[in-house]
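I have a structure I would like to understand better, so I am pasting it below and will then ask my questions one at a time.
The residues of the chain are indexed from 1 along the displayed sequence.
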Amino acid sequence: MTPSPPSPHGSDPREPKATKAPRDPKKIPAEKAAVRKSVTAKTAAETATGKKTAGKKAAGKKTAAAGKAVTKKAVTAKTATKKAVASAVAKKSVAKKAGTKKAVAAKRSVAREAPPAGPLEVALSPALDADDRERLLHGTHHQPHAVLGAHPAPGGIVYRAFRPYARSVAVVTGDLRAELHDDGDGFFSGLLPLREVPAYRLVVAYEDTVQETEDPYRFLPTLGDLDLHLIGEGRHEELWTVLGAHPLTHQDVAGTRFCVWAPNARAVRLAGAFNFWDGIGYPMRSLGSSGVWELFVPGIGEGELYKFDITRPDGSRTQRADPMARRTETPPATSSVVEASHYEWGDEEWMARRGERPAHEAPLSIYEVHLPSWRPGLTYRQLAEQLPAYVRELGFTHVELMPIAEHPFGGSWGYQVTGFYAPTARLGTPDDFRFLVDALHRAGIGVLMDWVPAHFPRDDWALAEFDGRTLYEHEDPLRAAHPDWGTLEFDYGRREVRNFLVANAVYWCEEFHIDGLRVDAVASMLYLDYSREPGQWTPNEHGGRENLDAVAFLQEMNATVYRRVPGVVTIAEESTAWDGVTRATHHRGPSGFGGLGFGLKWNMGWMHDSLQYMSHEPVYRRYHHGEMTFSMVYAYSENYVLPISHDEVVHGKKSLVSKMPGDWWQQRASLRAYLAYMWAHPGKQLLFMGQEFAQGAEWSEEYGPDWWLLDPAYGAEADHRGVRELVGDLNSVYRSTPALWERDTSADGFAWVVGDAADDNVLAFLRRDADGTPLLAVSHFSPVVRHDYRLGVPDDIPAWYEVLNTDAGRYGGSDVFHPDPVKPEPQPWHGHPASIRLTLPPLSTVWLRPA
């Protein structure tokens, strides 16, 4: 979706828009030369009139005529002699009103109070220092506000404006006006006999238009000392409210504040569509040792495109997108967009109750979605009409969105982020994304989001060597380059970088009501030797391989998010045995580290082992039985999510159903049995889109799920719809059965009935809720029917009834089921005081609850 054109928001509503467009910016160099030529001609004309004026030096500097005033008549005559003046590259501001234009033609003098009896004389201002002049011209000035704008000086107030390509500049205040002297190269100045600086505006005349506008260099800084202190300390938890572009009213004037952190830059200028991407006339000021550059630009509002024109330490220049941009152009365009939210949320009920239970003690069943390909071509708002209804029908409690922060290459699926604070513009505006989250919440569905703080791409318009030196990435090349993805790793030891990321985590939760962050690639952050050979990494200060800076960052991020945003959950994609991923940050473990503070962790070991088991032919599964039972050895070492994610159904790994051996019936039966085993296993569940209806092909980000498989006109539609029906029933029974989720992280919530029946391909276990009420889950991964299969059970349950059977005919099974309650017999079995006899359907999982 293409961003809306630049908006006039923030402009003076009394001002009509200029109607004539500026000339082609490609002609700017020639126009600059024309300006210099006309300035020379003008000086000669002034000399001929006998008026004493400053001689032009080689650099264009003007020396003030001591004690000599120039009358308004002389100024008018001087202006009339200009020839071949360059056309305008005009900023978006306009003439104030028709009466003001008449005042421009009359050239009235400026006065602090009532105009004097005679004409107000405009004196030549003190000369602009040659060094200041050159630095402004070449983009290396760090304090433009110190020399531009209005400043007290001996004899009055000196006004200086830097307006390249302008024919003339005048100062107006109230009904009064004074023409400034043309100093060449776009500089204009004048000394007015005033006691104080009044509120004033500039009237800028170009070759074919006249515009009245505020002077950006008359405004005080928009950031306070506290903000700068917190930025310097790396503790500004609302960083997005001060850096970036923010439409606001400052000193009673509407405009936009632009701020960027670039501590290594010699200077920063603002470039955008409003100045044809030539930032020469918009230098920003440095706010001291903070490394922050700031400029308030009046008249600029929402929808404007911009970048920062940075002069590097070596004098070269680069134009960069705003790291804190809250909106971007649609890729492959790379500009940042001025944005302000106007969204009114309607999810108050959801937000009020989402923190009633901690995530590890609540039902959590996750549908993982890649938004751009779920229904290719839909926008955020169109997705809001379809996705909530579909997910609600399936019974999932949450969706997990693969990264939606802006990224240049769609084939990265969002995992190479360039706009960490901007939802991708491919699907709409930030408020459109808010609308989607709101719709999901109002449907009773939580929203988790993949968050990628591990690395970023090397694009030369984004974060890489942002201000000419390593800034967001580590200065040590061995710690900067990610060995697997060709990207750069963040420098977690730099407090401003850590602040950038911690605030980003808070931003998504607070600004977009995100209910949880799944943090990508945590293992690559934690280990200095991740994917590196000996000699390719540098040990930490203790000689170890742990990245101590990354540990501190993750602890700070989790502590901050949980403190600021009650009810959210953070989930680590961590594939190693790191101690204490979901342990509290203030609790130290055997390794000596405090916990990382995550709420949940992906159980990659369970995923790998269980899929490996299921890929074997049933006759060989007896030799791999331990792959299904080993997960219970460590099931309570962390708070786990059981993920069947996008990573398992791409790049030649096959779709979930295609991993199963046998004919088409056996593949579907094995898939159904596996899903019910997964839902009953301790831990939360995550299933990637398309797998809920047994899509046979791998996922493609270009085409998305094969929805046509559910078309009634398709011959095998019933086979796919049956699997989807099962997923809906799994979620329904799961949510209504606390035994399946209430004690996921407590060992006394689980008990084996039989875990060693390898020859039978049978697994049976009990799950219990906080009151001790059990659910019996029996999985049979063999394609035969087993009659009168005896299983041990407690003796305090009078009867068991079947609540779910994956072999049911409506799911596509053979319909071997138990229509009547099953009563225990007083025969001890499997270490239990009683037992029941069941008929086990082929390739199935059966759930039974107390009758």
Side-chain angles (χ1 to χ4, degrees), residues 25 28 32 35 59-61 88-93 128-151 158-166 169 180 183-189 202 204 213-223 243-245 250 255-288 290-300 304-320 322 336 338 466-468:
I28 287 174
K32 288 182 178 178
V35 169
K61 186 175 71 174
V89 179
K91 186 169 72 72
K92 287 183 182 293
S93 56
L128 181 64
D129 182 88
D131 181 60
D132 285 326
R133 185 184 184 102
E134 288 302 306
R135 286 193 292 150
L136 286 168
L137 286 170
H138 293 95
T140 59
H141 207 296
H142 70 289
Q143 282 296 342
H145 293 70
V147 293
L148 300 179
H151 301 276
V158 60
Y159 289 84
R160 294 194 187 96
F162 183 34
R163 294 285 169 153
Y165 327 123
V169 176
L180 299 183
D183 302 333
D185 293 330
F187 291 96
F188 298 83
S189 66
L202 300 177
V204 185
T213 180
E214 297 283 353
D215 182 3
Y217 299 94
R218 80 170 181 87
F219 294 93
L220 297 171
T222 55
L223 265 63
L243 297 185
H250 181 47
T256 296
R257 174 186 70 202
F258 295 89
C259 294
V260 63
W261 178 61
N264 298 311
R266 291 179 63 184
V268 181
R269 300 188 288 194
L270 182 66
F274 50 88
N275 60 15
F276 285 90
W277 303 101
D278 183 356
I280 186 172
Y282 290 80
M284 303 177 72
R285 67 175 143 209
S286 171
L287 299 180
S290 66
V292 175
W293 301 77
E294 180 259 5
L295 182 65
F296 174 74
V297 183
I300 295 296
E304 291 283 3
L305 305 181
Y306 71 98
K307 283 187 178 180
F308 296 113
D309 189 327
I310 296 173
T311 303
R312 301 183 179 104
D314 65 1
S316 61
R317 289 170 53 194
T318 178
Q319 281 198 357
R320 298 295 177 121
D322 184 359
S336 303
V338 177
F466 180 76
D467 58 3

Report task. Check side-chain contact (heavy atoms from CB on, under 4.5 Å) between R266 and all other residues, then give those that pass, not counting sequence neighbours. Result -> T140, T311
Report summary line: Applying side-chain hydrogen bond (donor to acceptor under 3.5 Å, both in side chains) to R320 and not counting sequence neighbours gives T318
Report task. Please step through side chain to side chain contact (heavy atoms under 4.5 Å, CB included) for the pair W277 and L305, ending with a clear verdict. Result -> CA-CA 9 Å; W277 303 101; L305 305 181; 3.8 Å; yes
Query raised in the report: Can you name the nearest heavy-atom pair linking G279 to A271, along with the distance?
Result: N-CB, 4.1 Å
Query raised in the report: Nearest heavy-atom pair of G139 and A267: which atoms, and what distance?
Result: O-CB, 3.2 Å
Query - Set of residues satisfying ring pair (Phe, Tyr, Trp, His ring centres under 6.0 Å) with respect to W293, sequence neighbours excluded - result: none
Query raised in the report: Which residues satisfy the side-chain contact (heavy atoms from CB on, under 4.5 Å) test with P263, sequence neighbours excluded?
Result: W261, D467, L471, R494
Report task. For the residue pair F308 and F258, categorise the inter-ring angle as parallel (less than 30°), tilted (30 to 60°) or perpendicular (more than 60°). Result -> perpendicular
Report task. Verify ring pair (Phe, Tyr, Trp, His ring centres under 6.0 Å) between Y282 and F274, making sure each step is shown before the conclusion. Result -> CA-CA 11 Å; Y282 290 80; F274 50 88; 5.6 Å; yes
Requested in this report: Tell me, please, which residues at least two apart from Y217 pass side-chain hydrogen bond (donor to acceptor under 3.5 Å, both in side chains).
Outcome: none
Report task. For the residue pair N275 and Y306, confirm or rule out a side-chain donor-acceptor distance under 3.5 Å. Result -> no
Requested in this report: Could you list the residues that satisfy ring pair (Phe, Tyr, Trp, His ring centres under 6.0 Å) with F296, not counting sequence neighbours?
Outcome: F219, H250
Requested in this report: Only counting residues at least two apart or in another chain, list the ones meeting salt bridge (Lys or Arg N to Asp or Glu O under 4.0 Å) with R312.
Outcome: none
Query raised in the report: Any side-chain heavy atom of L243 within less than 4.5 Å of one from V260?
Result: no
Query raised in the report: Which value, rounded to the nearest 0.5 Å, describes the distance between C259 atom SG and L287 atom CG?
Result: 6.5 Å
**Report entry** Atom pair CG/CZ of L128 and R160 - distance to nearest 0.5 Å
**Finding:** 5.5 Å
Query raised in the report: With no hydrogens and no angle check, is any side-chain donor or acceptor of T256 less than 3.5 Å from a backbone partner on I300?
Result: yes
Report summary line: Contacts of H138 meeting ring pair (Phe, Tyr, Trp, His ring centres under 6.0 Å) (sequence neighbours excluded), chain-then-number -> none
Query - Distance, nearest 0.5 Å, that separates CD1 of I280 from CG of D185 - result: 8.5 Å
Report task. Flag the pair R135 and D131 as a salt bridge only when some basic side-chain nitrogen lies within less than 4.0 angstrom of an acidic carboxylate oxygen. Result -> yes
Report task. Kindly compute the distance separating CG (L180) from CG (L202), expressed to the nearest 0.5 Å. Result -> 7.5 Å
Requested in this report: Give the minimum heavy-atom separation between D322 and G244, together with the two atoms involved.
Outcome: OD2-CA, 3.0 Å
**Report entry** Approximate separation, where rounding is to 0.5 Å, of N264 CG and D314 CG
**Finding:** 11.5 Å
Requested in this report: Taking all heavy atoms of A166 and all of F188, pick out the closest pair and write down the distance.
Outcome: O-CZ, 3.6 Å
Query raised in the report: Can you find a heavy atom in the side chain of R285 that is under 4.5 Å from one in the side chain of P221?
Result: yes
**Report entry** Side chains of D309 and R317 in contact at under 4.5 Å (non-hydrogen atoms)
**Finding:** yes
Query raised in the report: How long is the gap from NE2 on H145 to NE2 on H151, to the nearest 0.5 Å?
Result: 9.0 Å
Query raised in the report: Among all residues two or more places apart in sequence or in another chain, which pass the side-chain hydrogen bond (donor to acceptor under 3.5 Å, both in side chains) test with T222?
Result: E294
Report summary line: R257 meets the side-chain hydrogen bond (donor to acceptor under 3.5 Å, both in side chains) criterion, sequence neighbours left out, with none
Query - Exercise: identify the closest heavy-atom pair between L270 and M284 - result: N-CG, 4.3 Å
**Report entry** Heavy-atom closest pair, residues R163 and E214
**Finding:** NH2-O, 3.9 Å
Query raised in the report: How would you list, by chain and number, every residue that makes a salt bridge (Lys or Arg N to Asp or Glu O under 4.0 Å) with D215, sequence neighbours excluded?
Result: none
Query raised in the report: Any sub-3.5 Å donor-acceptor pair from Q143's side-chain atoms to S286's backbone N or O?
Result: yes
